[in-house]
Q: 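Below are the structure tokens for one structure; questions will follow.
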Amino acid sequence: MNSERYNFKIIEKKWQSYWDSKKVYSTKIDKNKKKFYCLEMFPYPSGKIHMGHVRNYTIGDVLARYKSLNGFNVLHPMGWDSFGMPAENAARQNNLDPKTWTEKNISTMKSQLKILGLSIDWDREISTCTPEYYKHQQEFFLELYDKGLVYRKEQYVNWDPIDQTVLANEQVINGKGWRSGAIVERKKLNQWFFKITQFSEILLNNLDKLKSWPNKVKIMQKNWIGKSLGCEIDFKVESSKNIKKIRCFTTRPDTLFGMSFLALSIDHPISEYYKDNKDFIEFKKLCSTTGTTEEAIANAEKIGFKTDLVALNPLNLENKVPVYFANFVLMDYGHGAVFGCPAHDQRDLDFALKYNLGIAPVVTPDKNDKNFKIKDKAYTGPGFIFNSSFLDGLKVPDESIPKTIEYLENKKLGTKKINFRLKDWGISRQRYWGCPIPIVYDENDNPHKVPKNQLPVELPKINQLESTGNSLDKLNEWKYLTIDKKKFRRETDTLDTFVDSSWYFLRFCSSNNKEYGYNLDEIKYWMPVDQYIGGVEHAILHLLYSRFFMQALGYKNEKFNFDEPFEGLFTQGMVCHETYKDPENNWVSPDDVITKDGEKFLKSNQSKKIIIGNSESMSKSKKNTIDPQKIIENYGADSVRLFILSDSPPEKDVQWSDEGIISSYKFIQKLWSLHNKILVEINKDHSKDTNNNLLIYCDKFIKKMTDNLDRFHYNKVIANLHEVYTFLTKEFNNSFKKETIINTYSKILTTMLPVIPHYASECLYSLKISNSRKWPSYNEENISENIINFVIQINGKKRGLIKVERDIDERKLLELVKKEDNLKKYLEGKIIKQIFVPNKLINLIIKQ
RNA sequence: GCCCUCGUGGUGAAAUUGGUAGACACAAAGGACUUAAAAUCCUUGCCGCUUGCGGAGUGCCAGUUCGAGUCUGGCCGAGGGCACCA
């Protein structure tokens, strides 16, 4: 009998080298098999893997292994999102080049991922910072250029003064750079753009097709694209200046009769007329102090600057209203001008109340209430138009908006217009460590494509980066070149790293294809990604850009047989840990904390008590991280996988706990001693089974495992494993035939393969059964037991539970109920109603 | 301010279509084994009276229903997202 402890160190290594040497997870096209493309968001090689990676890749690995057991041809690749700023920052700090730093990190992290026992096809590994990868990206850039989807324009950009780089709008968080945290400045630069707005409509509409995406993400993207249907209206202006009209965009033309002012953005062209006006300059200054982000301004006071202009209501020329500059109107949406209808827009109402402007309601919620009044809350709900001359009686909003637009168009007063909030994607970055843009400029500053045969434009090697700004721009021997005796200057900006990750899933389908970024046959077989798994922080940027890339690449020549890159999306929660501080308010790592008598102290100075803070997602800045490598070394990969899945559903945050990982480790040890007990039991070879409990339970168990794996309820999968352990420990006090044990137990072990692959492989191996690894099926008939617990309710309350035969009828059951001694006291009186749910419950309504 | 999501024991959570609330695990307490400790195993959601039984109970208040954690309305609280988007 083999009763020694389960030695994960030997066994995990053994199986990992077996999988490696046999290339078990390397994948090829097999048209006889259904494919499954399982992809986790590839990591940025920042140094070492963290628990977030462990969770992300464990979830993906469980799925990949499960699908593979179910007969799918599974593509499960991994790579490195290896361009980006941290490499530059680290290189500056350590006086080395970003390439060396990045390559070292990749090698560390790859070895760490390997000891997790992931079923990854490493033959397809890619790294975005290699010329083999970005060569194709440069080709795509030029393709998009030819298609008119790339353009250059001068624009105000978000300038990060610390990182000396430009940020996309999406990368500015509360007016600060998303990485450096510096307050963002406005600066005018020549920039390259991808014309993502060309696909606004399709990117919006396709969201409906994405049935297996979280609703939350779809709503975020929908809001981001921000389609609104409305109307452009030119307001005639009476003015001493040369101003004839002001164009506004509105989604509520039906409230025109309630107009009492017109408001302009401070950046509106008309502001030119006031640029020398001292009061206006003061006003502009005042606006800038309130900040530009919505949340800061949300509760800020609405303020305005009254001009000497007067605007005319196109539907009622008698109605002449003042024109203001106002802090709540944005220049980069619509035309930077709105008409104010205080009764039906809260901002307009706040503004009107401050400046004593008219508040005329034109929508009433109740058709008969013609005296509807507005106090301090604007009415934006449905209703009927009134006080509006020929518009009166129209139903809001279904009739009123289209009818008003129709009227305005007929009278040539306005034009129906669809507006999107989405802006084009600025892709230029003033950085060294990124993909070079394959463009050169002639002496007149006209851009030219770098010829295809000269691709890739390789990033020149640099020994030491300049302390700030773009080192590439200062590298004259690279920057200036001659083609056909003409002098050129290279584009020294590099591409936003979101470009790198916008097509990597295509590259994985044919990582080694030299001719082109992908091979169309491979794409047609593998794409789309069946399940994409990653953090919700990429809900908008990365996912939207990837969706755009598919549209852009497939655009016109329609090469792809799919619209959307990611069929299914799963966003996993974060890994959290308590935060610790010493009495001096410094963050303390869990490694430096010791527990004594239920209280925590600083390990190096045990008189210092630790202040325990909230559990927050693991981050270096709060020092509440746990190093996965150490945990794997101490407890094994299977224990870590088991724990990271066990406590919370994968889509929610999970708390890391030392007790939890120890408990998972112990559970595997317990499974192992049970396993050895079962091996002994098999050899006893009883001639027949004493009962059929094992068979019934096994089928029930497989059904539960199957259901829970299908629905991503991995925490319940772990619970099922605990249950089957408890069941088996009890059941093996009975005797079963060798055949029965092998049949059921090998199925049970097979279901463990996705979660704890090393352990389950070892157990199956020691059972000496054939190597065919197939997800077990279950017999639905076995699951329905013959004796069931029937719930007895009296007046809606559960009063008893009786064991009866399956499919018992109502009459028979009632007889049994009446015989039950402890139910008799509830049954005094007359049964006036009874509800019978077959095989479940009976509810007796009794009147006393 | 708007949009979305979520409120279940000391804690993380289960409860597929409305039908046995608290599976599974962590912590704590008690018990068993042991000379003792560790390890292991068992018991325990709350309140009330003697093992048993009874009562209340899924953020709060109503409603629908024979029956509500689950459905509807209102309120309170937490988290996430955002663009004052007209």
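Just so we're clear, the structure is a prediction, and the values are computed from it rather than from any experiment.
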Q: What do the steps show when you test A:F667 against A:Y665 for ring-ring contact (aromatic ring centres under 6.0 Å, His included), and what is the final call?
A: CA-CA 5 Å; A:F667 180 59; A:Y665 173 79; over 10 Å; no
Q: If we take the C1' atom in both B:rU51 and B:rU65, what is their distance in whole Å?
A: 39 Å
Q: Counting the atoms with a prime plus P, OP1 and OP2 as sugar-phosphate, which does A:R421 contact under 4.0 Å by heavy atoms, base, sugar-phosphate, or nothing?
A: base
Q: Whether the A:D424 and A:T197 side chains hold a donor-acceptor pair (N or O, under 3.5 Å, no angle test) is what I'd like checked.
A: yes
Q: Go nucleotide by nucleotide along RNA chain B from the 5' end; which of A:F420 and A:K377 gets its closest nucleotide reached first?
A: A:K377
Q: Glycosidic conformation of B:rG10, syn or anti, with 90° from 0 as the boundary?
A: anti
Q: With a 3.5 angstrom cut-off on both distances, give the Watson-Crick or G-U wobble partner of B:rU58, or none if there isn't one.
A: none
Q: With a 4.0 Å limit, can you tell me whether A:K666 has a side-chain N or O closer than that to the phosphate oxygens OP1/OP2 of B:rU40?
A: yes
Q: Considering only B:rG19, B:rA39, B:rA13, which nucleotide approaches the side chain of A:I835 most closely?
A: B:rG19
Q: Is there a side-chain contact between A:N795 and the phosphate of B:rC66, meaning an N or O under 4.0 Å from OP1 or OP2?
A: no
Q: In terms of side-chain heavy atoms of A:V329, which of B:rC4, B:rA23, B:rA86 is nearest?
A: B:rA86
Q: Look at the side chain of A:S228 and decide which nucleotide, out of B:rA13, B:rA23, B:rA86, has an atom nearest to it.
A: B:rA86
Q: If you find the nucleotide of RNA chain B closest to A:G336 and the one closest to A:N843, which residue's nucleotide is nearer the 5' end?
A: A:N843
Q: Below 4.5 Å, heavy atoms only, C-beta onward: do A:K797 and A:Y826 meet side chain to side chain?
A: no
Q: Roughly how many Å apart are B:rC46 and B:rC66, using the C1' atom of each and rounding to a whole number?
A: 28 Å
Q: Can you check whether A:K216 has a side-chain N or O nearer than 4.0 Å to OP1 or OP2 of B:rG80?
A: no
Q: If you restrict it to nitrogen or oxygen atoms, what contacts under 3.5 Å exist between nucleotides 25-34 of chain B and the protein, and what is each distance?
A:
residue : atom : partner : partner atom : Å
B:rC26  : OP1  : A:S663  : OG           : 3.3

Q: Do A:F235 and A:L256 have side chains that approach each other closer than 4.5 Å (heavy atoms only, starting at C-beta)?
A: yes
Q: How far apart are the C-alpha atoms of A:F701 and A:F727, what are their side-chain angles, what is the distance that settles it, and do they pass the ring-ring contact (aromatic ring centres under 6.0 Å, His included) test?
A: CA-CA 10 Å; A:F701 169 74; A:F727 177 83; 9.4 Å; no
Q: Categorize A:D707 for me: base, sugar-phosphate, or nothing, with a 4.0 angstrom heavy-atom threshold over every strand shown.
A: base
Q: When both hydrogen-bonding distances must be under 3.5 Å and the geometry is Watson-Crick or G-U wobble, what is B:rG52 paired with, if anything?
A: B:rC49
Q: Check the side chains of A:N419 and A:K227 for a donor-acceptor pair under 3.5 angstrom, ignoring hydrogens and angles.
A: no
Q: Taking any heavy-atom pair under 4.0 Å as a contact, classify A:G334: base, sugar-phosphate, or nothing.
A: nothing
Q: What do you reckon, are the aromatic ring centroids of A:F325 and A:H268 less than 6.0 Å apart?
A: no
Q: Taking B:rG55 as the reference, what is the distance to B:rC4 when you measure between their P atoms (whole Å, please)?
A: 42 Å
Q: Heavy atoms under 4.0 Å, any strand shown: does A:I845 hit a base, just sugar-phosphate, or nothing?
A: sugar-phosphate
Q: What pairs of nitrogen or oxygen atoms, one from the protein and one from nucleotides 56-58 of chain B, lie under 3.5 Å apart?
A:
residue : atom : partner : partner atom : Å
B:rA56  : OP2  : A:K797  : NZ           : 2.8

Q: Are the aromatic ring centres of A:Y355 and A:Y324 under 6.0 angstrom apart?
A: yes
Q: For atom C1', what is the distance between B:rG22 and B:rC75, given to the nearest Å?
A: 27 Å
Q: Name the closest nucleotide to the A:E723 side chain, picking from B:rU20, B:rG55, B:rA23.
A: B:rA23
Q: Rounding to an integer number of angstrom, what distance separates B:rG9 and B:rC53 when you compare their C1' atoms?
A: 22 Å
Q: In whole angstrom, give me the gap between the C1' atoms of B:rU34 and B:rA23.
A: 33 Å
Q: Can you tell me the pairing partner of B:rG7 across any strand shown, Watson-Crick or G-U wobble, with both distances under 3.5 angstrom?
A: B:rC76
Q: Work out how far the P atom of B:rG63 is from that of B:rA29, and round it to whole angstrom.
A: 45 Å
Q: Would you sort out whether A:D807 and A:N839 count as a side-chain hydrogen bond (donor to acceptor under 3.5 Å, both in side chains), showing the intermediate values?
A: CA-CA 6 Å; A:D807 296 332; A:N839 292 326; 3.0 Å; yes
Q: Ignoring backbone atoms, establish whether A:R711 has a side-chain N or O less than 4.0 Å from OP1 or OP2 of B:rA14.
A: no
Q: Answer yes or no: is there a donor N or O on one side and an acceptor on the other, between the side chain of A:R247 and the main chain of A:A337, under 3.5 Å?
A: no
Q: Of the nucleotides B:rU20, B:rC24, B:rA86, which has the atom closest to the A:K798 side chain?
A: B:rU20
Q: Of all the choices, B:rA86, B:rC4, B:rU20, which nucleotide is nearest to the side chain of A:I219 once you look at every atom?
A: B:rC4
Q: Output the single nucleotide from B:rC66, B:rA13, B:rA21 whose closest atom is nearest the side chain of A:K833.
A: B:rC66
Q: Compare the minimum distances between each of B:rU16, B:rC66, B:rG55 and the side chain of A:R799, then state the nucleotide with the smallest one.
A: B:rG55
Q: Regarding A:K703 and A:D707, does a basic nitrogen lie under 4.0 Å from an acidic carboxylate oxygen?
A: yes
Q: Could you tell me how far B:rG54 sits from B:rA37 if I compare only their C1' atoms? Round to whole Å.
A: 43 Å
Q: Please assess A:E805 against A:I787 for the test side-chain contact (heavy atoms from CB on, under 4.5 Å), listing each intermediate value before the final yes or no.
A: CA-CA 5 Å; A:E805 276 188 32; A:I787 303 294; 4.0 Å; yes
